[in-house]
Amino acid sequence: MALFEKINVLLLWDDVGKVASTVRANIDALARESRFKVFPMSVFGDIPGDLNIDKFDVVVIHYSLVLSVDAYVSAEFRRRLKNATAIKAVFIQDEYRFVDRSIAAMRDIGIDLLFTCVPEEEIPKVYPESSLPGVEKVNVLTGYVEDALLERILPSYQERRIDIGYRARKVPAWLGELGQEKWDIGQRVGEDAARYGLAVDLAYREEERLYGKDWISFLLNCKATLGVESGASVFDFSGDIQAVVEKAALDHPEWSFRDLQRKYFLDYEGIIRLNQISPRCFEAAALKTLMILYEGRYSDRMTPWRHYLPLKKDHSNFAEIVAILRNESKVNDIVDNAYREVALNPDNSFAALVRIFDEAILRRLGSDYVPITDVYSTEAFSSIASQHREARIKANRFRALMAWGYFFFFGKILGFASESFRDKVQVLLGKYLRPIFRKLLGR
């Protein structure tokens with residue numbers, strides 16, 4: 001039996017709430033396609049007391065669990081991870097926030113491998129060897145092409161009723177210029193589209209976002225969708241930028257993004273380049289929905305004019321974009337190219353992610369590694385996982401209720417409020433309700 005067939009991997013993740021489909025696809029791919037024997041377990045806060053981590057060769061903490069936040073991974077949870085003898089690997093995303101806290105948590109538990117979305121050339125700026133000594137840092141994408149999307153029957157150009165569709169949310173100002181672009185592109189295209197008589201469906205609020213099947217159905221009804229590079233252009237290592245900007249936004253609701261940027265974080269813009277391709281690009285490519293994207297590199301996975309229409313950030317070429325959007329033949333050429341060369345590219349598949357994962361784990365274990373023999377059977381592990389799911393039902397219901405309350409409050413009660421007022425409420429809720437939420441969950 002080959003070495004990898006004897007390796008047992010515990011994959012810890014959080015599956016509650018409106019989980020983006022790429023999260024489940026990520027977990028399913030690692031569990032199904034890895035050459036190792038992977039045992040996925042959904043947790044939140046704590047892991048079962050009767051789960052023996054030392055029965056695994058490798059423990060993986062997925063990015064759906066925030067290692068440095070007690071509500072997701074409690075102090076006791078981290079203590080058990082620290083004491084475990086297994087190789088420890090972490091997948092991390094949204095790496096621009098509380099960087100120092102994240103690094104401290106990873107150092108505390110003694111990780112061996114870090115799967116990061118930070119581009120290869122930028123990794124030393126975020127995770128220098130001095131901060132995570134001996135840890136191998138491996139670059140991965142934020143998402144990959146889901147096999148299920150490639151199996152769908154796709155509607156034609158004429159069958160799609162929406163010319164341009166888009167969903168986004170207004171992210172905090174302290175994420176910088178790149179975060180602001182997600183909001184700007186939808187707002188400005190909405191204004192541009194009215195002059196050209198385009199049928200658009202553009203929404204920008206959290207409660208209007210679509211998930212899972214609803215999002216896929218929406219994309220299938222769109223001739224085109226909008227997009228920008230994923231990530232943030234400001235890295236907040238200490239959390240100080242977030243704190244000062246949020247306070248200023250509360251004290252001065254009349255201040256614009258540009259005002260806040262100029263006063264507090266302009267000098268931090270672009271120091272670290274996190275720009276990368278979004279999973280939404282892969283979804284659009286797989287569903288043959290034309291992409292209209294702000295100019296960018298998109299992790300060098302796509303070519304402008306061949307795979308997508310590059311929109312200048314001042315929108316000066318919008319007329320050219322509309323002319324192509326109205327040309328069915330040209331649209332079909334571009335979406336066919338994107339489907340064939342992006343969606344079907346093996347390097348963009350979840351199989352590619354699994355290959356990167358397996359190779360990194362094997363490197364870390366080394367050729368002389370002796371696998372653990374006292375391991376869980378599938379039945380024994382399933383029994384523990386099942387009991388843990390039952391114990392989590394109450395907490396999960398409470399989290400679901402909190403999510404429902406959030407969407408009801410912003411969608412119904414504040415549905416017609418100004419964006420500046422909603423932004424202020426959002427900051428206040430985060431400041432005062434987050435501690436209560438953690439207390440109710442016993443964190």
- Side-chain contact, heavy-atom cut-off 4.5 Å: Val73 with Val69? no

Is it true that Tyr144 and Phe350 have ring centroids separated by less than 6.0 Å? yes

Nearest heavy-atom approach of Ala89 to Ile361 is CB-CD1, 4.5 Å

Rounding to 0.5 Å, atoms CD1 (Ile92) and OG (Ser68) come to a distance of 7.5 Å

*Check: Cys222 main-chain N/O paired with Arg160 side-chain donor or acceptor under 3.5 Å*: yes

Using 4.0 Å as the upper bound for N to carboxylate O, is an ion pair formed by Asp163 and Lys223?
yes

Pro310 and Ile321 have their tightest heavy-atom pair at O-CD1, 3.8 Å

Discussion item. With a 4.5 Å cut-off on side-chain heavy atoms, are Leu67 and Tyr72 touching?
Written reply: no

Rounding to 0.5 Å, atoms CG (Asp201) and OG1 (Thr225) come to a distance of 10.0 Å

The reported gap from CD1 in Ile87 to CZ in Arg363 (rounded to nearest 0.5 angstrom) is 12.5 Å

Donor-acceptor check, side chain of Ser74 to backbone of Asp70, threshold 3.5 angstrom: yes or no? no

Discussion item. Any non-hydrogen side-chain atom of Leu293 less than 4.5 Å from a side-chain atom of Ile185?
Written reply: no

### Message
Run Ile164 and Val189 through side chain to side chain contact (heavy atoms under 4.5 Å, CB included) and show every step you take.
### Response
CA-CA 9 Å; Ile164 303 176; Val189 166; 4.2 Å; yes

Between Asn26 and His62, the two heavy atoms sitting closest are OD1-NE2, 3.3 Å

Worksheet item: Do NZ/NE/NH1/NH2 and the carboxylate oxygens of Arg273 and Glu229 come within less than 4.0 Å?
Response: yes

Query raised in the report: Between Ser230 and Ser278, is there a donor-acceptor pair closer than 3.5 Å when you use the side chain of the first and the backbone of the second?
Result: no

Shortest non-hydrogen pair, Gly143 vs Thr22, comes out as CA-OG1, 3.8 Å

Classify the ring geometry between Phe357 and Phe36 as parallel (under 30°), tilted (30 to 60°) or perpendicular (over 60°).
-> perpendicular

Discussion item. Quick check: do Asp147 and Glu33 have side-chain heavy atoms less than 4.5 Å from each other?
Written reply: yes

Kindly indicate whether the side chain of Leu10, heavy atoms from C-beta on, has any atom under 4.5 Å from the side chain of Phe381.
-> yes

Fill in: Output field: ring centroids Tyr376/Phe56 closer than 6.0 Å
yes

The test is side-chain hydrogen bond (donor to acceptor under 3.5 Å, both in side chains); show your working for Asp358 and Ser34 and say whether it passes. CA-CA 7 Å; Asp358 285 357; Ser34 173; 2.8 Å; yes

(message) Assess the residue pair Arg364 and Glu136 against the criterion (salt bridge (charged side-chain N to carboxylate O under 4.0 Å, His left out)); give the C-alpha distance rounded to whole Å, side-chain angles, the decisive distance to 0.1 Å, and a yes or no.
(response) CA-CA 8 Å; Arg364 197 67 191 190; Glu136 181 180 354; 5.1 Å; no

*asked:* Can you confirm if the NZ or CZ of Arg97 lies within 45° of the ring axis of Trp174 and under 6.0 Å from the centre of its six-membered ring?
replied: no

Can you tell me if Arg78 uses its side chain to pair, donor with acceptor, with the backbone of Asp108 under 3.5 Å?
-> no

Q. For Lys55, does the NZ atom sit with more than 12 other heavy atoms under 6.0 Å from it, leaving out its own atoms?
A. yes

Do Leu30 and Val354 have side chains that get closer than 4.5 Å, going by heavy atoms? yes

inquiry  = If the threshold is 4.0 Å, N to carboxylate O, is there a salt bridge linking Asp300 and Arg297?
reply    = yes

For this session: Could you tell me whether a side-chain N or O of Lys88 sits under 3.5 Å from a main-chain N or O of Leu81, the two making a donor and an acceptor?
Result: yes

Please tell me if the side chains of Trp183 and Glu181 come closer than 4.5 Å, counting only heavy atoms from C-beta onward. no

Practice task
Look at Arg280 together with Glu283 and state whether they make a salt bridge at an N to O cut-off of under 4.0 Å.
Solution key: no

Exercise. Does any N or O in the side chain of Gln276 come within less than 3.5 Å of the main-chain N or O of Tyr298, such that one atom is a donor and the other an acceptor?
Worked result: no

Is there a side chain to side chain contact (heavy atoms under 4.5 Å, CB included) between Gln387 and Asp50 once you walk through the steps?
CA-CA 10 Å; Gln387 293 175 32; Asp50 56 348; 4.3 Å; yes

Checklist entry - So Leu290 and Ile334, side chain to side chain contact (heavy atoms under 4.5 Å, CB included) or not? Walk me through it. => result CA-CA 7 Å; Leu290 179 69; Ile334 294 172; 3.6 Å; yes

Cation over ring face, Arg101 and Phe98, 6.0 Å, 45°: yes

Tightest non-hydrogen contact, residues Asn221 and Glu159, listed as OD1-O, 3.9 Å

For Ser349 and Ala352, indicate whether the former's side chain and the latter's backbone hold a donor-acceptor pair under 3.5 Å.
yes

One should read off an interatomic distance between Leu175 CG and Glu269 CD, to the nearest 0.5 angstrom, of 10.0 Å

Derivation and outcome, side chain to side chain contact (heavy atoms under 4.5 Å, CB included), residues Val335 and Thr289:
CA-CA 6 Å; Val335 298; Thr289 301; over 6 Å; no

CZ of Phe237 to NZ of Lys125, rounded to nearest 0.5 Å, is 10.0 Å

Smallest heavy-atom separation, Cys117 atom then Glu95 atom, equals N-OE2, 2.9 Å

The reported gap from CG in Leu51 to CD1 in Ile384 (rounded to nearest 0.5 angstrom) is 5.5 Å

Q | Exam field: side chain Asn8 to backbone Lys6, donor-acceptor pair closer than 3.5 Å | A | yes

Taking the side chain as everything from C-beta on, heavy atoms only, tell me whether Leu154 gets closer than 4.5 Å to Leu287. yes

query: Do Asp347 and Arg301 sit within salt-bridge range, that is, some charged N less than 4.0 Å from a carboxylate O?
result: no

Checklist entry - Are Lys313 and Glu177 within salt-bridge range, i.e. N to O under 4.0 Å? => result no

For the backbone of Asp333 and the side chain of Asn337, can you confirm whether one donor and one acceptor N or O come within less than 3.5 Å of each other? yes

Decide yes or no on side-chain hydrogen bond (donor to acceptor under 3.5 Å, both in side chains) for Asp14 and Ser64, but give the supporting numbers first.
CA-CA 5 Å; Asp14 177 28; Ser64 53; 5.9 Å; no

ask   = Centroid-to-centroid, Tyr268 to Phe235, below 6.0 Å?
value = no

| task | Examine distances only and state if a side-chain atom of Ser383 and a backbone atom of Glu379 form a donor-acceptor pair shorter than 3.5 Å. | result | no

